[in-house]
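Have a look at the structure below before the remarks.
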Amino acid sequence: MAGEVIVRFPPSPTGYLHIGGARTAIFNWLFARKHKGKFILRIEDTDVERSTKESVEGILDGLRWLGLDWDEGPYFQSEFHQEHVDVAQRLLEEGKAYKCFCTKEELEKKRQMALKEKRSTVGYDGTCRNLTPEEVREREAKGLPYVIRFKVPKRSGKIGYDDKVLGRIEKDYSEIEDFVIVRSNGRPLYLLCNVVDDIRDRITHIIRGQDHMANTIRQILLYEALGATPPVFAHMPLTLDPKKRKISKRTHGEVVSVQFYREHGFLPWALVNFLVLLGWHTSDNREIFSKEELIEAFSLEGISKANAVFNFNPDDKEKVKKFFTDPKALSINAHYLRTIPVEELAGYVEKELRDAGLWDEAYKGERRDWFLKTIDLIRTRFHTLKDFIGPGRAYFSDEFEYDQKALKKNIHKHPELKELLPELGERLDSVDSWTLETTEEVVRAYCDEKGVKPGIIINGIRTVITGQLKGPGIFDCMVLIGKDRVVRRLKECGALYE
RNA sequence: GGUCCCAUCGUCUAGCGGUCUAGGACGCCGGCCUCUCACGCCGGAAACAGGGGUUCGAGUCCCCUUGGGACCGCCA
C-alpha cells in the first residue's frame, strides 16, 4: 500500500486553460514525476451545457505546450455516467442517501427565510430525510421529480482530515447539511462523480486549490459511505490579481490564459518555472530550475498557505507596455531566453520568423552558422521571442521599423550625419575582409579624419542599420548584418531625414 | 450574514524560540563598465498588521482585534 503515487488534473472544459489551472496541473505533474507515479488527465464534462469541444482542445493544447505530459487519459467523466448513476443507486439502497421531493422554489423560499432571520443554517433542513417508504411511494406515483441527497450521518463531534498544506481541518457533523448528489434529471453531480472517478482511478493524492476546501469534508463522507479510503489532500493557495481577487478568465481576460504567453513570446518552461514559484518554494529559496531540478526539488511541504498575487497591471496597459504581465515572469523568461543552448533557441526563433514571413531555409543550411551567431548575439537584451521579429527584425529583413526615439536622438539631432554616413558607407564598401577589426578600424579612422566623436557616428550607424536606439556592440552588428546590407543602408540614410 | 482558510519589503518569498540591527529574487534608485542599451558587478531605499499573553528570550507558540480571501448551486 506504500505503493504508487497517482494524481490527476481534472479541468472542466468551460474555457481555455488559464494560469490558475495550469499551476494546479504543474503541481500535480511535478508530484507524480517526483514520486515516479502517474499523472492522469480527466476532463470533467458533467455539465454538458457549459462544456465544449474547443475547450477540451484548448486545454490539451495548453498542457502540451507547457510540456506537462500525462500518463493516462484524457478520460471523460461523461463516459462513466452509468457508473455514477449505479453508485448513487447503491447509496440509496443502502440507506445512505434518500430521495428528496422538495422543489427548487420551496428551497429557495426557505433559504431566503433563513437568510432573513439570520439563522446560521441556510442549508437544507432535511424535510425529506424522514419520509416513510409509503410517503416516498406516494410521491413517486404522482410522478413528482426528485433529487437524491446524501444522508449525512447523525453523529456528534467532528470529522476531519490532515491537509498536507494546511494541517488538520475539521468540521462539526451538525454543520454539514444533506447535500444533493443526483439532479432531478437523473444526472449525478460533480461532488459524487469526482469521488467515484477518483476511487476508480485509485487516486492517492488530491492536489487542488483552496477553493475546493468546502467540498472536501463532504467528499470524505462519500468515501466513507462507499467503503473507500480517502486520498491525501493538499489544498494549494489561490492566485489572486493585484486587487486580491481570484483570477478568472471571465474578469481578467487574455492575460491569464496560458495561450496568451505563447502568443507573447514566452518559452514554455519559463512560464512553468514562474508559475511554480507562485505558492511554492524550496528552503534555500532557489528560483531557477531545469525540469530535472524542479522535479527533484518539488515537495508538498514547500507549498505556501497564503494566497499569491499574480502581479500584472490590469490598469497600466499601454503606459508600461514593457511590463505587459508580471515583471518576474518576464525576467524569468528573459533569463531562459539568454541561457538555453542556442540550438534549442533556434527552433523557437524559427517559428517566430516563419510566422512573420521572414524565414529563409538557408538558415537551416548554408547560413546556419550565421543564424546561430546572430540570435546568440541579439538575444542578450531580449525579453521574449517576439523581440526577434521586433527590435531584431533588421537582421533578417530589409523592411524594418525605425524607433522614433532613436531617429530623434541619433539621426535628426545630427544633420551632419546625412553626409557623413553615406560617405562612410563608401569607405566601408572598399573593405576587403569584413571583420570586427577591419570595420572598427575604418570607422574609427573616419571619425578621426572628420573630427567627429565616435559615439555620434557609432550611434548613427546603429540606428541606420538596425533601426534601434540600443543593441549589441556596433561592430558585432555590422559583421553579422553583413557588408552589403550595412553599406546599402548607410548610403541610403538620407531618406531618414525626409 | 454563516462556515472555513490566511497574514514578513510594492510583488514572489526565506525564516520552523536565541545565529534577525529579518535574508534572497523581481521591480525601483544610484554607481562602475561603455559606442548605445542590456548583461555583469558594486551600493541603496523597501516588510515582521495591531494588541494582549506564554517564555530568561517571539517574526517564530497561544488568544483577541483588524485586514484579505474562499465557499455557502439540482456549476465544476
Side-chain angles (χ1 to χ4, degrees), chain A residues 10-14 44-47 49-51 77 100 102-104 107-108 111 114-116 118-123 145-149 163 165-167 169-172 175-177 179-191 193-194 209-217 235 237-238 240 242 244-246 274 277-288 304-312 323 326-332 334 338 380-383 391 406 409-410 440 443-444 447 453-463 468-475:
Chain A
S12 59
T14 53
E44 311 240 303
D45 57 348
T46 314
D47 188 7
E49 286 93 66
R50 297 203 306 158
S51 302
Q77 191 162 63
C100 169
C102 297
T103 65
K104 279 185 193 176
L107 293 175
E108 187 51 34
R111 184 173 298 126
L115 232 36
K116 207 164 146 192
K118 290 186 177 170
R119 265 187 281 144
S120 60
T121 49
V122 185
Y146 62 86
V147 298
I148 298 177
R149 281 181 190 275
D163 192 287
V165 173
L166 270 5
I169 303 292
E170 291 180 323
K171 197 174 180 77
D172 212 284
E175 282 169 353
I176 312 169
E177 61 174 303
F179 51 92
V180 178
I181 53 177
V182 179
R183 295 178 174 92
S184 53
N185 64 6
R187 304 194 67 86
L189 255 37
Y190 158 83
L191 218 50
C193 302
N194 195 252
Q210 287 180 13
D211 50 347
H212 279 279
M213 274 208 288
N215 293 328
T216 307
I217 291 286
H235 287 104
L238 270 17
L240 273 23
K244 300 282 173 69
R245 294 174 303 189
K246 186 171 123 177
F274 166 72
L277 257 19
L278 242 41
W280 175 85
H281 57 85
T282 53
S283 53
D284 62 354
N285 221 355
R286 193 149 58 107
E287 306 204 306
I288 299 292
S304 309
K305 293 181 177 179
N307 291 163
V309 171
F310 176 51
N311 197 23
F312 66 103
F323 297 121
D326 192 314
K328 190 148 190 166
L330 249 4
S331 134
I332 290 177
R338 294 164 193 177
T380 57
R381 53 219 79 200
F382 285 173
H383 292 83
K409 191 176 164 195
N410 294 339
E440 175 153 17
V443 171
R444 298 241 183 237
C447 292
K453 278 196 284 185
I456 294 176
I457 295 284
I458 286 173
N459 287 321
I461 298 174
R462 188 189 324 281
T463 297
Q468 298 298 302
L469 182 61
K470 51 197 182 184
I474 194 64
F475 304 109

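As a basis for the values below, the full set of heavy atoms in this structure was taken, side chains included, without hydrogen atoms, waters or symmetry mates. Numbers restart at 1 for each chain; the letters A, B, ... are given by sequence-line order, proteins then strands.
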Measure the distance from [atom1] on [X] to [atom2] on [N] and round it to the nearest whole Å.
| X | N | atom1 | atom2 | value |
| --- | --- | --- | --- | --- |
| A:Ile181 | B:C75 | CD1 | C1' | 17 Å |
| A:Leu240 | B:U13 | CG | P | 11 Å |
| A:Lys171 | B:A70 | NZ | C1' | 12 Å |
| A:Glu175 | B:C72 | CD | C1' | 12 Å |
| A:Ile288 | B:U13 | CD1 | P | 15 Å |
| A:Lys305 | B:U60 | NZ | C1' | 12 Å |
| A:Lys244 | B:G10 | NZ | P | 11 Å |
| A:Asn185 | B:C75 | CG | C1' | 13 Å |

Provide the distance between the two [atom1] atoms, one in [N] and one in [M], to the nearest whole Å.
| N | M | atom1 | result |
| --- | --- | --- | --- |
| B:C64 | B:U3 | P | 13 Å |
| B:U13 | B:G27 | C1' | 14 Å |
| B:A49 | B:G67 | P | 15 Å |
| B:C56 | B:C41 | P | 47 Å |
| B:A45 | B:G52 | C1' | 33 Å |
| B:U11 | B:U54 | C1' | 34 Å |
| B:C16 | B:C62 | P | 16 Å |
| B:A46 | B:C12 | C1' | 15 Å |

From the list [options], which nucleotide is the closest neighbour of the side chain of [X]?
| X | options | answer |
| --- | --- | --- |
| A:Ala308 | B:U13, B:C5, B:A76 | B:U13 |
| A:Ser331 | B:G27, B:C71, B:A76 | B:G27 |
| A:Asn311 | B:A76, B:U11, B:C6 | B:U11 |

According to salt bridge (charged side-chain N to carboxylate O under 4.0 Å, His left out), who are the partners of A:Arg444, at least two apart in sequence or on a separate chain?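 Salt bridge (charged side-chain N to carboxylate O under 4.0 Å, His left out) check on A:Arg444 returns A:Glu440.
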Can you list everything that forms a salt bridge (charged side-chain N to carboxylate O under 4.0 Å, His left out) with A:Lys171? Sequence neighbours excluded, please.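 Residues passing salt bridge (charged side-chain N to carboxylate O under 4.0 Å, His left out) with A:Lys171: none at all.
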Does the pair A:Lys328 and A:Asn311 meet the rule for a side chain to side chain contact (heavy atoms under 4.5 Å, CB included), with working shown? CA-CA 8 Å; A:Lys328 190 148 190 166; A:Asn311 197 23; over 6 Å; no
Reckon [X] touches a base, only the sugar-phosphate, or nothing at all at heavy-atom distances under 4.0 Å?
| X | value |
| --- | --- |
| A:His212 | base |
| A:Asp284 | nothing |
| A:Cys447 | nothing |
| A:Val147 | base |
| A:Ser184 | base |
| A:Thr14 | nothing |

Answer whether the closest heavy-atom distance between the side chains of A:Gln210 and A:Asn307 falls below 4.5 Å.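 Yes, close enough: below the 4.5 Å cut-off.
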Student check: side-chain heavy atoms of A:Phe274 and A:Leu330 closer than 4.5 Å: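 With C-beta onward as the side chain, the pair stays apart.
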Pairing partner of [N] (Watson-Crick or G-U wobble, both distances under 3.5 Å):
| N | result |
| --- | --- |
| B:U19 | none |
| B:U66 | B:A7 |
| B:A58 | none |
| B:G1 | B:C72 |
| B:C48 | none |
| B:C32 | B:G40 |

Rounded to the nearest 0.5 Å, what's the gap from [atom1] on [X] to [atom2] on [Y]? Could you check?
| X | Y | atom1 | atom2 | answer |
| --- | --- | --- | --- | --- |
| A:Ile457 | A:Ile474 | CD1 | CD1 | 11.5 Å |
| A:Glu287 | A:Leu277 | CD | CG | 5.0 Å |
| A:Leu191 | A:Ile181 | CG | CD1 | 9.0 Å |

Please write out the pairs of protein N or O atoms and N or O atoms of nucleotides 18-24 of chain B separated by less than 3.5 Å, giving the distance to one decimal.
residue	atom	partner	partner atom	Å
B:G23	N2	A:Asn285	ND2	2.3
B:G24	N2	A:Glu287	OE2	3.1

For A:Phe179, check ring pair (Phe, Tyr, Trp, His ring centres under 6.0 Å) against everything at least two apart and list the hits.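 Per chain and number, A:Phe179 pairs via ring pair (Phe, Tyr, Trp, His ring centres under 6.0 Å) with A:Phe150.
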Go through it in stages, so that I can follow the logic: the residues are A:Thr216 and A:Asp163, the test is side chain to side chain contact (heavy atoms under 4.5 Å, CB included), and I'd like the CA-CA distance, side-chain angles, deciding distance and then a yes or no. CA-CA 10 Å; A:Thr216 307; A:Asp163 192 287; over 6 Å; no
Summary of protein contacts for nucleotides 35-40 of chain B, nucleotide by nucleotide, where a base hit scores B, a sugar-phosphate-only hit scores S (4.0 Å, heavy atoms): BBBBS-
For a side chain to side chain contact (heavy atoms under 4.5 Å, CB included) check, start with the C-alpha distance between A:His235 and A:Ile169, then their side-chain angles and the critical distance, and finish with the verdict. CA-CA 11 Å; A:His235 287 104; A:Ile169 303 292; over 6 Å; no
5'-most by nearest nucleotide on RNA chain B - A:Phe310 or A:Cys102: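 Checking each residue's closest nucleotide, the 5'-ward one belongs to A:Phe310.
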When the nearest nucleotide of RNA chain B is assigned to A:Asn215 and to A:Val309 on a heavy-atom basis, which residue is associated with the more 5' position?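 Its nucleotide being nearer the 5' end, the pick is A:Val309.
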Taking only side-chain nitrogens and oxygens of A:Ser304, does any of them come within less than 4.0 Å of OP1 or OP2 of B:U13?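 Checking A:Ser304 against B:U13: at least one side-chain N or O falls below 4.0 Å of OP1 or OP2.
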For A:Asn410, give me all partners under side-chain contact (heavy atoms from CB on, under 4.5 Å), at least two apart in sequence or on another chain.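 With sequence neighbours excluded, A:Asn410 shows a side-chain contact (heavy atoms from CB on, under 4.5 Å) to A:Asn459, A:Thr463, A:Leu469, given in chain and number order.
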